[in-house]
**Q** 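Here you go, one structure.
Here is how names work: the chains are called A, B, and so on, in the same order as the sequence lines, proteins then strands, and each is numbered from 1. Computation of the quantities below employed the complete heavy-atom set of this structure, encompassing side-chain atoms and omitting hydrogens, waters and symmetry-equivalent molecules.
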Amino acid sequence: MSSLLPKKIIKKTDSTLKRKGGRPTLASSLKTSVSSRRSTKKSSRPEYDHKKVEVKWPSSAPSSLKLRRTSKATAGKQKKYNHKQIEVKWQREWNKSGIYKTKDYSKKPKCYVLDMFPYPSGLGLHVGHPKGYIATDIYSRMKSMQGFNVLHPMGWDAFGLPAENYAIKNKVHPKISTAKNIKNYKRQLDLLGFSYDWSREIDTTDPEYYRWTQWIFLQMFKQGLAYESYEPINWCPSCQTGLANEDLEDGRCERCGSEIEQKPMRQWVLKITDYAERLLNDLVELNWPESIKDSQRHWIGGSNGALIKFAVTGHKDKVVEVFTTRPETIFGATYIALSPELIKKWLVAGWTPADSIVKYVTSVLKDRAKQSYKDNPDKTGINSGLVAINPATGKNIPVWITNYVLGSVGTGAIMAVPAHDQRDFEFAKKYNLPIEEVVIPNRIDKFNPPRADKKKVERLNVQAIVVDPKTKKVLFLKSNKFGWTTLPMGGVEAGEDIVEAAKREVLEETGLTNLKFIKVLGGQVRAEYFASHKDENRVSFTRAVMFELEGSFKEEDSKVEDDHELIWLDKKDITYPQVVHAELEDWLERWDKTNSIYVGPGVLINSGSWSGSNSKEAVNKIIKAVDGKVIKTYKLRDWVFSRQRYWGEPIPIIHCEQCGAVPVPERELPVKLPAVKSYAPTGTGESPLADIASWVKTKCPQCQGPGKRETNTMPQWAGSSWYYLRYMDPGNNKKLVDPKKEKYWAPVDLYVGGTEHATRHLIYARFWHKFLFDIGVVSTKEPFKRFGKNLGLVLGEDGRKMSKRWGNVINPDDVVKLYGADTLRLYTMFMGPFEAEIAWNTKNMIGSRRFLEKVWRLASKLENSKSDKYEVEINQVIKKVGEDIESFSFNTAVSTLMILVNKLDEGAVVTLGDYQTLLKLIAPFTPHLAEELWQSCGFSPSSIHLAPWPQFNSAKLVASTVSIAVQVNGKTRTTLSLPPNSTEEAVLQAAKEDNNVATHLQSKPISRVIFIPNRLINMVT
RNA sequence: GCCCGGGUGGCGGAAUUGGUAUACGCGCACGACUUAAAAUCGUGUCUCGAAAGGGAUGCGGGUUCGAUUCCCGCCCCGGGCACCA
């Protein structure tokens, strides 16, 4: 029963043995550890005294030294787990041996794993920041062990306002503070043992990097995708800069929270709208979380519709073009509504309307410049006095100017269809404009459909909904002859008022007269059904009218004929087809609404020759008939690309009186940021660069005449829109990226970062990438093939967002000191699902630390035997951990490893094979601990991180017995332990023999048996 | 208002082609070891009940032999968008 430890293990787990050369092992470092334990008892006391976090110092004593008696050699001599010692040691070692240096070409398949690079702020990292980096590090390490050539780089997105504001305040050049911050960030990241290839580090503020950012801008300029605009833009009065739509949060500056104003000024704008359709369409092929793709779809916001021209009298253009997504409703267009912005253009062009109109337009535009985007103001409008002609009906309709039509959407003009658009409806109600219904729902009675061979009769109907105010029940008629239940109903006679008709029907059928009118339930509903009592198909156009009884229902008030009776139903019991009306779902939908308008598809009415046709099918025909144009519009606006600030890439353009905006010749790139005296914005809407006359003044590259440099800089998003390409070839001074290297590495296989970038960085980068694809710089249509799960925020211990403001920031430096990087990494992954927002809890980390100590102690049970006791478990764990890492389910991967370790710990010995597998599986999570144990056990002279990932044997995944639940009538009464794949007969036999089961069967006959192999048997009596 | 997530013990959470709810970890209680404490190890820990047995996955219904999982109607929390024609 006793067996020898392998030589190496004895060597390395027993300090009393003399080592015979070889590599440094545990033994050599043991002496210090042992002696320090004796001499400095204090070292095992808490060293970390965080104010908020009361933490007990985890055990570092070599407990559980009740080693196997047979293994005297190791008794009492195992080294304690000292994270401080081993983490620094291995970080140095890996660095020295360069195991994370990535080769550009390899026969191995490539895998490009990318983190969103950070903005190195002066505050340094908090404990939540590394979550995504830990995940990608685990993923990268596994991939590399699985035989992939992994690219896992890191860099700095270092242009931006905080550094600039810091510079203004402290008169320190942003270059200097940024360098300092980067150094600190890098130190903190290195503390956690990431496998970054630092030889590929990039920094967006490095002129050698932004040379290429500027180069891309120039290419866009040459293609007409970068242009100057004078349209009003979002202006932050506090940051003194223009902003893109994407930079706003509820109409406020996302940085400082100031209300944004609309300010007309010269801006550089990128024509991202040219790419809108491709940005939208190509989303389908991306392996990204649906929520991010949804946000992008939303943001780009394509809508299909038509441009239709309305002839206008009283204006020189003689025509107004509108955009609509519902061209089929044009017969219901009862007025035209124009945006104030459009009128402004007309005014500029020389239109001279009444003063009241000018006044109205001016005041709306003024409100709009200041207005928060959050709440829609009340709709207002003014009749322009112009008259338009509806091209479908030929009728004259008024032209209004309103505040609910926006200049930036479509053509800034709409055809208003109040019957089928909520906004138009509200406006029409307010200003008493005509409402013409042209689309109604079409219902075919499913249970009583029209019959092909019967004649078709059209009828105009009314149905009465009579509610008893006391009981809230609704009146129905139950036919004794046909058995069906209906509302009181009947035909409407020509010219008859709908409410009067409904009252008449109620009187005729129930005798009730004490009705109080409540409302009409919206417009008509068309229904088709077979009327068996008349042997004909009916096509009915029905409206519903709701009444309340005056007082409660009294039997004596009613007068009912013999062929039917009155019944009262709760609203929840009113269901089709118990109540036979095919219109019922429409009534229920409109039940509680006061002004119900129909916006769905259906059948056209009041639409000339189109009446009776399907609204969807009519769309294109009607567009053609009114000479309209099919078109798609987008919500996405062009990207306002200039900032009036200092700390950004200078836009490489020279302004020349003769030649206009001239690009800086490529050989003169980069246009370097000059030093300035003051970083503060000038307040004139120009960047501080404008104050440096010597820098601004230059020659026009085209005519050699005097030129002025562009003084606007690029937004922070510029450098991050292409950085992933530079990692592939960071040192190239001839090209942005060598095409061969790009071909090898592109696209990014896995990208991980925060969802707050869903509609900016991730759209901008896709846009730039597609542009670079078009000009042949990159070979793929999309930059990021897979976006890992959404990165859930780590909250402070108080459940709030970790921030200086709440004083709940936890610094990873402290946590690493206390528990070590490995524990921090493991705990961060174990906390919960990757995508969940979870509060940090330093106390809870002890569980992860204990687990690592347990793994450590298992080494003392090592034995060189070939037991396959845990064969099935090990195989299952290999499979599960691999799948979980692949799918970013790190928390369950960790718990699976914990279960395995608990299992291994139950036994007296641990085999070398099992332990090696365990260490390999755990290596991506806790690289230092795994390496230390791997080396000290002498499993291989090379790093565990270069070892091959374990493979599972599919044939060994099922245990020798499975637990089968035995249920009687769906309730579990016992479980059976049986061989896998037992037959139903065998399981039933065994189940019946169980006493408890027998009691519950009570010798009743079993009427049915449900059997799920290897899981469950259910006996139904 | 619209769209997308989510709601399970004291806490973080696990389990969904419908099949043994509460894995793993924290905390707590008790025990072992210790002069003692810490640490470690062991046992227990949804709830009512003495037990047999019942009840619990936000609430109310439904489908099913069986529902955390599917369907219908609500409530609450988080995120995104918001007069987009």
**Q** Heavy atoms only, 4.0 Å cut-off, all strands: where does A/I1012 land among base, sugar-phosphate and nothing?
**A**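 Base contact.
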**Q** With a 4.0 Å cut-off on heavy atoms, is A/R973 in touch with a base, just the backbone sugar-phosphate, or nothing at all?
**A**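 Contact class for A/R973: sugar-phosphate only.
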**Q** Base, sugar-phosphate, or nothing: which does A/N902 touch, judged by heavy atoms less than 4.0 Å apart?
**A**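 Answer is sugar-phosphate: A/N902 comes under 4.0 Å of backbone atoms only.
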**Q** Taking only residues two or more places apart in sequence or in another chain, which ones pass ring-ring contact (aromatic ring centres under 6.0 Å, His included) with A/F427?
**A**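 If we apply the ring-ring contact (aromatic ring centres under 6.0 Å, His included) test to A/F427, skipping adjacent residues, the hits are A/Y335, A/W400, A/Y404, A/Y431.
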**Q** Within the 3.5 Å criterion, strictly below it, is a donor on A/T325 or A/N304 matched to an acceptor on the partner's side chain?
**A**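 Judged by distance alone, the side chains do not pair up.
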**Q** From CD of A/E835 over to C1' of B/G13, roughly how many Å is that when rounded to an integer?
**A**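 Going from A/E835 (CD) to B/G13 (C1'), I get 12 Å.
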**Q** What's the gap between B/U68 and B/G18 when it is taken at their P atoms, as a whole Å value?
**A**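 Comparing P positions in B/U68 and B/G18 gives a spacing of 13 Å.
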**Q** Identify each atom pair where a protein N or O and an N or O of nucleotides 74-80 of chain B are less than 3.5 Å apart, giving names and distance.
**A**
none

**Q** Quickly work out the A/E756 CD to B/G5 P distance and round it to whole Å.
**A**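 Going from CD in A/E756 over to P in B/G5 covers 20 Å.
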**Q** Please list, in numerical order, the residues of residues 889-897 of chain A that have a heavy atom closer than 4.0 Å to any atom of RNA chain B.
**A**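 Within residues 889-897 of chain A, the residues near RNA chain B are A/N891, A/T892, A/S895.
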**Q** Write down the distance separating the C1' atoms in B/C28 and B/C11, rounded off to the nearest Å.
**A**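 Going atom to atom, C1' in each nucleotide, I get 11 Å.
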**Q** How would you summarise protein contacts on nucleotides 58-66 of chain B per nucleotide, using B for base, S for sugar-phosphate only and - for none, with heavy-atom distances below 4.0 Å?
**A** -------B-
**Q** I'd like to check A/N891 versus A/M831 (side-chain heavy atoms, cut-off strictly below 4.5 Å). Are they in contact?
**A**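 Counting from C-beta outward, A/N891 and A/M831 never come under 4.5 Å.
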**Q** Is A/S963 touching bases, backbone alone, or none of the nucleic acid, heavy atoms closer than 4.0 Å?
**A**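 Base contact.
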**Q** Taking atom C1' of B/A82 as reference, at what distance in whole Å does atom NZ of A/K379 sit?
**A**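 Whole-Å distance recorded here is 12 Å.
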**Q** C1' atom, B/A23 versus B/G73: distance in rounded Å?
**A**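 Their C1' atoms lie roughly 34 Å apart.
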**Q** Does B/C41 have OP1 or OP2 sitting under 4.0 Å from an N or O in the side chain of A/R857?
**A**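 Yes, such a contact exists.
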**Q** Assess, by modelled atom type and distance only, whether the side chains of A/N902 and A/K854 contain a donor and an acceptor separated by less than 3.5 Å.
**A**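 Side-chain D/A pair, A/N902 to A/K854: present.
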**Q** Hey, what do you get for NZ (A/K635) to CH2 (A/W299), rounding to the nearest 0.5 Å?
**A**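 A/K635 atom NZ to A/W299 atom CH2 measures 8.0 Å (nearest 0.5 Å).
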**Q** Rounding to an integer number of Å, can you tell me how far A/I401 CD1 sits from B/C83 P?
**A**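 Computing the A/I401:CD1 to B/C83:P distance gives 21 Å.
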**Q** Roughly, in whole Å, what's the span from CD1 in A/I838 to P in B/C11?
**A**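 Atom-to-atom, A/I838 to B/C11, this comes out as 15 Å.
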**Q** Take atom NZ in A/K309; do more than 12 heavy atoms of anything else shown fall under 6.0 Å from it?
**A**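 Count not over threshold, so no.
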**Q** Check whether any side-chain nitrogen or oxygen of A/R850 sits under 4.0 Å from OP1 or OP2 of B/U40, and answer yes or no.
**A**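 Yes, such a contact exists.
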**Q** Could you say whether A/M845 or A/K854 is positioned toward the 5' end of RNA chain B, judged by the nucleotide with the nearest heavy atom to each?
**A**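 Checking each residue's closest nucleotide, the 5'-ward one belongs to A/M845.
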**Q** Quickly, which of A/H298, A/Q296, A/R297 forms a side-chain hydrogen bond (donor to acceptor under 3.5 Å, both in side chains) with A/D294? Name it, please.
**A**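 Only one of A/H298, A/Q296, A/R297 forms a side-chain hydrogen bond (donor to acceptor under 3.5 Å, both in side chains) with A/D294, namely A/R297.
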**Q** Under a 3.5 Å limit for both distances, which nucleotide forms a Watson-Crick or G-U wobble pair with B/C30, could you say?
**A**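 Matched B/C30 with B/G42 under the 3.5 Å cut-off.
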**Q** Identify, with sequence neighbours excluded, every residue that meets salt bridge (charged side-chain N to carboxylate O under 4.0 Å, His left out) alongside A/K429.
**A**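 Residues passing salt bridge (charged side-chain N to carboxylate O under 4.0 Å, His left out) with A/K429: none at all.
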**Q** Is A/L824 close to A/V127 at the side-chain level, that is, under 4.5 Å between some pair of heavy atoms?
**A**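 When only atoms from C-beta onward are counted, A/L824 and A/V127 do touch, with a gap below 4.5 Å.
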**Q** Identify the nucleotide, in any strand shown, that forms a Watson-Crick or G-U wobble pair with B/A82, with both distances under 3.5 Å; if there is none, say none.
**A**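 Answer to the pairing question: none, since B/A82 forms no Watson-Crick or G-U pair.
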**Q** Looking at residues at least two apart in the chain, or sitting in another chain, which of them share a side-chain contact (heavy atoms from CB on, under 4.5 Å) with A/K789?
**A**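 Counting only residues at least two positions away or on another chain, A/K789 forms a side-chain contact (heavy atoms from CB on, under 4.5 Å) with A/F834, A/E835, A/F888, A/S889.
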**Q** OP1 or OP2 of B/C3 versus the side-chain N and O atoms of A/K293: is any pair under 4.0 Å?
**A**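 It does not, given that no N or O in the side chain of A/K293 lies less than 4.0 Å from OP1 or OP2 of B/C3.
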**Q** When the nearest nucleotide of RNA chain B is assigned to A/R1015 and to A/L406 on a heavy-atom basis, which residue is associated with the more 5' position?
**A**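 It is A/R1015 whose nearest nucleotide is closer to the 5' end.
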**Q** Check the angle between the aromatic planes of A/W288 and A/F787 and answer parallel, tilted or perpendicular using the 30° and 60° thresholds.
**A**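 Answer is tilted, since the angle falls between 30° and 60°.
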**Q** Indicate, with a heavy-atom threshold strictly under 4.0 Å, whether A/T975 touches base, sugar-phosphate, or nothing.
**A**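 Contact class for A/T975: base.
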**Q** Kindly determine whether A/D424 and A/I414 satisfy side-chain contact (heavy atoms from CB on, under 4.5 Å), including the steps that lead there.
**A** CA-CA 10 Å; A/D424 297 343; A/I414 63 161; 3.5 Å; yes
**Q** Using whole Å, report how far CD1 of A/I899 lies from P of B/A15.
**A**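 Answer to the nearest Å: 11 Å.
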**Q** Figure out the CE/C1' separation between A/M831 and B/A14, and round it to whole Å.
**A**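 Rounded to the whole Å, the gap is 16 Å.
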**Q** Separation of A/L976 atom CG from B/U20 atom C1', in whole Å?
**A**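 Going from A/L976 (CG) to B/U20 (C1'), I get 11 Å.
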**Q** Within a radius of less than 6.0 Å around NZ of A/K903, do more than 12 heavy atoms belonging to other residues, nucleotides or ligands occur?
**A**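 Not buried by this count: 12 neighbours or fewer within 6.0 Å.
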